[in-house]
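Quick caveat: nothing in here was measured; it's all calculated off a predicted structure.
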Amino acid sequence: MALVGPCLSHTAMAVAAVAEKQGIPMITPTATHREVTAGRHSVFRVAPIGEWQARALARFAVEDLEARSAAVLYDITTAYNRDVAETFSAAFAQLDPEGGASVLAESYTAGETDFRAQLERIREGAPAVLLLPNYVDEVPLQVEQARALGIDATILGSDSWSAQSFAMQELFDQSYFTDGWHPDVSDATSREFITSYRDRFQREPTSATALAYDAVGVLLRALTLSPRLDGESVRQALASLSDFQGVTGPISFAAGSDPLKSVAILKIDQGQVSLRQWIRP
C-alpha cells in the first residue's frame, strides 16, 4: 500500500523508480538528492533537500564565518556528494559581497583511501573553509590527512556526517555541518517527542530518528484522510497534505513532493554537538 524509506539517496533513487512505476506511495525520511523525487508523483520526502542544505551552509560560511575562500573534496561518483559540492561552490561564490570569493574543488572516486594529492593542491589555495560532503567511513580519514598536511581550514560537512561518532573525535573540534533537525530546536512538538523518546529508549533522539518519525506520521495522516486504502488514494491524500506539524517542522506536499524545511547548522565543540543556527527557507 505504501513504503517508508529508503534512507540514503543512492538507494532511494533506485527504489523510487520502482515505486513510481508500480504506483506505490513512497516517503523517504532522509534521502535528500533532488533526483529521488524529480518527475515523480508517488515519491515524497520529509527532509530538506541537499541543494537547500548546501546553499544554507554556503550562506553560513560567508555571513557568519566571514570566509572568502573555500575548498571542496568530494566523491565524484556519488550523486549526493557531487550535488552538494557543486551547489555549495556556486552559492559560495555568488554570496561574497565583494565578489572575490574563490572555491577550489577536488574530487576522488569511491573506494580511495589516499587523498593527499588532492589535499596538497587544496593546501596551496589556503582556503578558509573545507567542505567534505562525504560519508562516515571516509570523512575521518580525510580530516586526518588534511590536518597532517597542515590545512587549518574550518571543516564543514553535510547531513551525511555522523554527529555521534564525529563529536568524539578531537579532529572534528570546531567544525560545522548541516542536518534536518536537532533536539535544541525549541518548539512544543519537538519537546514532547524528545521527552517521549527519552522515556522509551533511554537515549537522545537523532535527526534521522525524528525524520523517520515524521515520515511515519505523514503516512498515518494520509491513511486517515484517504477514502480508500489503495495506492492511488493514499498518494492523492499525501499530495494534498498541508501544514502537518511534524517534529522537524511543518510539512506540506500541496506545492510538490519536496516540503520547504528548515536546515540546522550544527557545531562540534569539545565532544558536544549543539545547534548554531536554524535556517528557515
Side-chain angles (χ1 to χ4, degrees), residues 6-14 28-36 47-51 53-54 56-58 60-61 70-89 92 103-125 127-180 206-208 211 263-268 271 273:
C7 293
L8 298 180
S9 291
H10 65 278
T11 48
M13 283 189 279
T28 174
T30 55
T32 58
H33 194 277
R34 64 181 182 276
E35 293 299 328
V36 173
I49 63 172
E51 288 184 13
Q53 293 189 50
L57 189 60
F60 173 76
V72 182
L73 176 65
Y74 65 99
D75 174 8
I76 199 171
T77 64
T78 304
Y80 167 86
N81 310 47
R82 185 174 62 250
D83 192 59
V84 171
E86 292 175 351
T87 303
F88 172 88
S89 297
F92 185 89
V103 182
L104 176 61
E106 290 286 341
S107 64
Y108 63 94
T109 58
E112 288 187 42
T113 57
D114 187 349
F115 311 98
R116 285 173 292 187
Q118 296 96 320
L119 290 169
E120 284 173 354
R121 291 191 289 271
I122 287 173
R123 181 182 59 187
E124 293 175 3
V129 295
L130 171 59
L131 172 62
L132 302 172
N134 308 313
Y135 291 112
V136 294
D137 57 340
E138 299 171 324
V139 175
L141 184 57
Q142 292 167 357
V143 176
E144 180 182 341
Q145 292 180 7
R147 294 309 191 210
L149 288 170
I151 297 174
D152 59 0
T154 298
I155 304 296
L156 304 178
S158 60
D159 65 348
S160 59
W161 280 26
S162 168
Q164 291 71 31
S165 63
F166 289 6
M168 297 298 104
Q169 301 179 49
E170 187 176 349
L171 285 169
F172 287 92
D173 197 42
Q174 304 301 309
S175 60
Y176 301 87
F177 64 102
T178 59
D179 214 335
T206 66
S207 172
L211 288 164
V263 173
I265 304 291
L266 307 182
K267 180 180 183 180
I268 298 176
V273 178

Quiz item: Is the backbone N or O of T109 less than 3.5 Å from a side-chain atom of T77, with the two atoms forming a donor-acceptor pair by type?
Solution: no
Quiz item: Should the pair F166 and F172 be assigned to parallel (<30°), tilted (30 to 60°) or perpendicular (>60°) ring geometry?
Solution: parallel
Self-check item: Pairwise side-chain contact, R82 with T78, heavy-atom cut-off 4.5 Å (strictly under)
Solution: no
Quiz item: Step by step, would you call V84 with Y74 a side-chain contact (heavy atoms from CB on, under 4.5 Å)?
Solution: CA-CA 9 Å; V84 171; Y74 65 99; over 6 Å; no
Practice problem: Measure across T11 and P6 and return the closest heavy-atom pair with its distance rounded to 0.1 Å. | Solution: OG1-CB, 3.8 Å
Quiz item: Can F92 and V72 be said to form a side-chain contact (heavy atoms from CB on, under 4.5 Å), step by step?
Solution: CA-CA 11 Å; F92 185 89; V72 182; over 6 Å; no
Self-check item: Heavy-atom pair of closest approach, residues C7 and T30
Solution: O-OG1, 2.8 Å
Practice problem: For side-chain contact (heavy atoms from CB on, under 4.5 Å), just list the numbers for L141 and Q145, CA-CA rounded to whole Å, side-chain angles, deciding distance to a tenth of an Å, and then say yes or no. | Solution: CA-CA 6 Å; L141 184 57; Q145 292 180 7; 3.5 Å; yes
Self-check item: Heavy-atom pair with the smallest gap, counting every atom of V136 and S162
Solution: CG1-CB, 3.4 Å
Quiz item: Do the side-chain N and O atoms of S158 and Y80 include a donor-acceptor pair separated by under 3.5 angstrom?
Solution: yes
Quiz item: CG/D159 to CG/L57 distance, rounded to the nearest 0.5 angstrom?
Solution: 10.5 Å
Practice problem: Output yes when a side-chain donor or acceptor of E35 lies under 3.5 Å from a complementary backbone atom of S9, and no otherwise. | Solution: no
Quiz item: Below 4.5 Å, heavy atoms only, C-beta onward: do L73 and L119 meet side chain to side chain?
Solution: yes
Quiz item: Going by heavy atoms in the side chains, are D75 and Y135 under 4.5 Å from each other?
Solution: no
Quiz item: Is S160 close to N81 at the side-chain level, that is, under 4.5 Å between some pair of heavy atoms?
Solution: no
Show me, pair by pair, the donor-acceptor contacts under 3.5 angstrom made by side chains of residues 146-156, not counting sequence neighbours?
from: R147; atom 1: NH1; to: I151; atom 2: O; distance (Å): 2.7
from: R147; atom 1: NH1; to: A153; atom 2: O; distance (Å): 2.9
from: R147; atom 1: NH2; to: A153; atom 2: O; distance (Å): 3.1

Exercise. State the CD-CG distance between Q142 and L171, to the nearest 0.5 angstrom.
Key: 12.5 Å
Quiz item: For I122 and A71, which heavy atoms make the closest approach, and how far apart are they?
Solution: CG2-CB, 3.6 Å
Quiz prompt | Donor-acceptor pair, side chain of Q118 and main chain of E106, under 3.5 angstrom | solution = no
Exercise. Give a yes or no on this: more than 12 heavy atoms of other residues, nucleotides or ligands lie within 6.0 Å of atom CZ of R116.
Key: no
Quiz item: Considering only heavy atoms from C-beta outward, does the side chain of L131 approach that of V129 to under 4.5 Å?
Solution: no
Quiz item: Just wondering, more than 12 heavy atoms not from Q174 lying within 6.0 Å of its CD?
Solution: yes
Practice problem: Search all heavy atoms of G180 against all heavy atoms of L211 and return the closest pair with its distance. | Solution: CA-CD1, 4.5 Å
Practice problem: State which residues pass side chain to side chain donor-acceptor pair (under 3.5 Å) with E138; sequence neighbours excluded, sorted by chain then number. | Solution: Y108
Quiz item: Are T178 and L266 side-chain neighbours, meaning at least one heavy-atom pair lies under 4.5 Å?
Solution: no
